2 protein chains.
Amino acid sequence: MATSTPPVPVKGARARAHAEVRAAILTTASAHVAADGAAALSLRAVARDLDMVSSALYRYFAGRDELLTALIIDAYDSLGAHAEAAVDATVDDAPAARWVDAAMAIRSWAIGRPHEYALLYGTPVPGYAAPDDTVAPGTRVSRALIRIVRDAARDGRLDDPASTTTVSAPTSESFVLLRTEIDLPTVSDATILAILLAWTQLFGLLTFELFGQTRNFVHDDERLFRDATATMARHLGLGDH
Amino acid sequence: MATSTPPVPVKGARARAHAEVRAAILTTASAHVAADGAAALSLRAVARDLDMVSSALYRYFAGRDELLTALIIDAYDSLGAHAEAAVDATVDDAPAARWVDAAMAIRSWAIGRPHEYALLYGTPVPGYAAPDDTVAPGTRVSRALIRIVRDAARDGRLDDPASTTTVSAPTSESFVLLRTEIDLPTVSDATILAILLAWTQLFGLLTFELFGQTRNFVHDDERLFRDATATMARHLGLGDH
DNA sequence: GAATGTCAAGAGCAGTGCTCACGTTTTGGA
DNA sequence: TCCAAAACGTGAGCACTGCTCTTGACATTC
């Protein structure tokens, strides 16, 4: 029985003021998440910081979940821009090196904002599945990573990892749509699967590091992350030069 | 300033009754987590179900966090036993097939208990780092998976994936301790890294599936998971027969 | 029998998300 | 220019939460 999103003025000074207050709410809410994590985010505390009364917030967000969803979208955008910058900055490098650099950029973003990372890749706060609105903004990071593969394919620096991958018929079927959506029309099933593997491996390792699953036996997390992503780049068939 | 764990009687009928009540609390708390997730776990609701008053629970657990930690440990044990059973049941199969079967067993456990899985591998609830007590029980699953590699090595059915892995000197250094701890003394750096990769890949993909990160472009999650883990088994060097 | 340990009860504190009725202010059209 | 509608902030209030503390009833042990 979620209350629907509150009405928002569309023109004039009212609209401008509304947008400003909304932005201010997001800013201080984001600061609270960065400091104490999403679980500890309190609407009343945010309202206090802004010298409002808690009920006033409901003119801007339907509730806590909607506020969190907005924060998730902003965080995805921040991470996406970060990843894109890394991919852009390395256009002239070898595909494998680009992959590692992009992965390291994603990692450094996450290390600096563990709570925001948890907001994106940890347990989804409302229920246990992420709200639909957050899926699309989340693809920005993936698209940046995939651009590395696309550039490599264009330049003939992408090997087909067919010899070491197993793709069943139904999986191959489901790759048909995915292949066009990520704009890699000529690439093999093995490459698609390798991309998925590299993607899940990257975030899997990062999540384990940040959530403490690797402590007690990994000492130099950054080094391991670099080696791991370099290995995944080779599995992906990305060229070294 | 966390209140320390409450005193517990050590002998006699008193101790028995105490243990029973404690178990009952864990059982109904676990049911609540399974139904609504860890975030929604309420001490008062648990107390109501047991016809107690909420303050009575503090004789058995120092607070909500300690209750959750106990639940985490139990869940790790459940998952660990599940994985071990799968590994035991396939001793005569090919190493690669065993790996896939164990992974599928882990997945089916998770699919059936999404909230428990989130409790283990999602955002750590107190703060953003898991309490230390939960690390050791968490290794049970990993040890089960590693046994597959060890058996394969013993039987000469483990290839060295050196040709496709990159292990830097510092990472190699940190593998020295790890190698003896997982009782794979003769195995190469490349194999150790491949194990880590397979491990993070397995849980990375599973987490993405459960938290909704793969929806909209993966249709047959089970099939993909099977293909992905089979591929990782090959990267690991596990034999097919 | 007295002292000690164990336990549940209940009141209470400080906090939460959220709703609602109520005034005030601003806005845009008649 | 006037007026109704829209937007907004206020404060009270509801139903919760985790947690603390005091009190009184037992049981076990000395």
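The sequence lines fix the lettering, A, B, ..., with proteins before strands; numbering per chain opens at 1. Given the structure is predicted, the values throughout are model-derived calculations rather than measurements.
- Salt-bridge formation is detected for the pair B:Arg107/B:Glu209: a Lys NZ or Arg NE/NH1/NH2 atom is positioned less than 4.0 Å from an Asp or Glu carboxylate oxygen.
- Rounding to whole angstrom units, CG of residue B:Asp51 and C1' of C:dC7 are separated by 16 Å.
- Residue-level contact check: A:Leu57 touches neither bases nor backbone, having no heavy atom under 4.0 Å from any strand.
- For the pair B:Arg44 CZ and C:dG10 P, the computed distance is 13 Å after rounding to whole Å.
- Here C:dG17 presents its C1' atom at 14 Å from CD of A:Glu66, a figure rounded to the nearest Å.
- Between A:Arg59 and A:Ser54, the residue whose closest nucleotide on DNA chain C is further toward the 5' end is A:Ser54.
- B:Arg22 comes within contact range of no nucleotide atom at all, as no heavy-atom separation falls under 4.0 Å.
- Side-chain atoms of B:Gln213 and B:Thr207, non-hydrogen and from C-beta on, never get closer than 4.5 Å to each other.
- Atom CZ in A:Arg16 sits about 16 Å away from atom P in D:dA7, given to the nearest Å.
- To the nearest angstrom, P of D:dC16 lies 18 Å from CZ of A:Arg64.
- Counting only heavy atoms from C-beta on, B:Ser42 has its side chain closest to D:dG18 among D:dG18, C:dT16, D:dT10.
- Counting any heavy atom pair closer than 4.0 Å across all strands shown, B:Ser55 reaches a base atom.
- The interatomic distance linking A:Arg48 (CZ) with D:dG11 (P) rounds to 15 Å, in whole Å.
- In terms of phosphate contacts, A:His18 brings no side-chain nitrogen or oxygen within less than 4.0 Å of OP1 or OP2 of D:dA7.
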### Query
Stepwise, does the salt bridge (Lys or Arg N to Asp or Glu O under 4.0 Å) test hold for B:Arg215 with B:Asp221?
CA-CA 9 Å; B:Arg215 113 189 87 162; B:Asp221 282 295; over 6 Å; no
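- Checked against D:dT17, C:dA8, D:dG9, the side chain of B:Met52 finds its nearest nucleotide in C:dA8.
- When side chains are defined from C-beta on, B:Arg22 counts as touching B:Phe61, because their heavy atoms get closer than 4.5 Å.
- Among the protein residues, A:Leu50 comes within range of no part of the nucleic acid, since none of its heavy atoms lies under 4.0 Å from any strand.
- Ranking D:dG18, C:dA9, C:dC18 by closeness to the B:Val53 side chain, first place goes to C:dA9.
- Straight-line distance from the CG atom of A:Leu41 to the P atom of C:dG17: 7 Å, rounded to whole Å.
- In terms of modelled atom types and a separation under 3.5 Å, the side chain of B:Arg179 and the main chain of B:Leu184 share no donor-acceptor contact.
- Protein atom CZ of A:Phe61 is 16 Å distant from nucleotide atom C1' of D:dC8, rounded to whole Å.
- Backbone-only engagement by A:Tyr60 is indicated by non-hydrogen atom pairs under 4.0 Å involving sugar-phosphate atoms exclusively.
- The A:Tyr58 side chain lies nearest to C:dT19 when the options are C:dT16, D:dC19, C:dT19.
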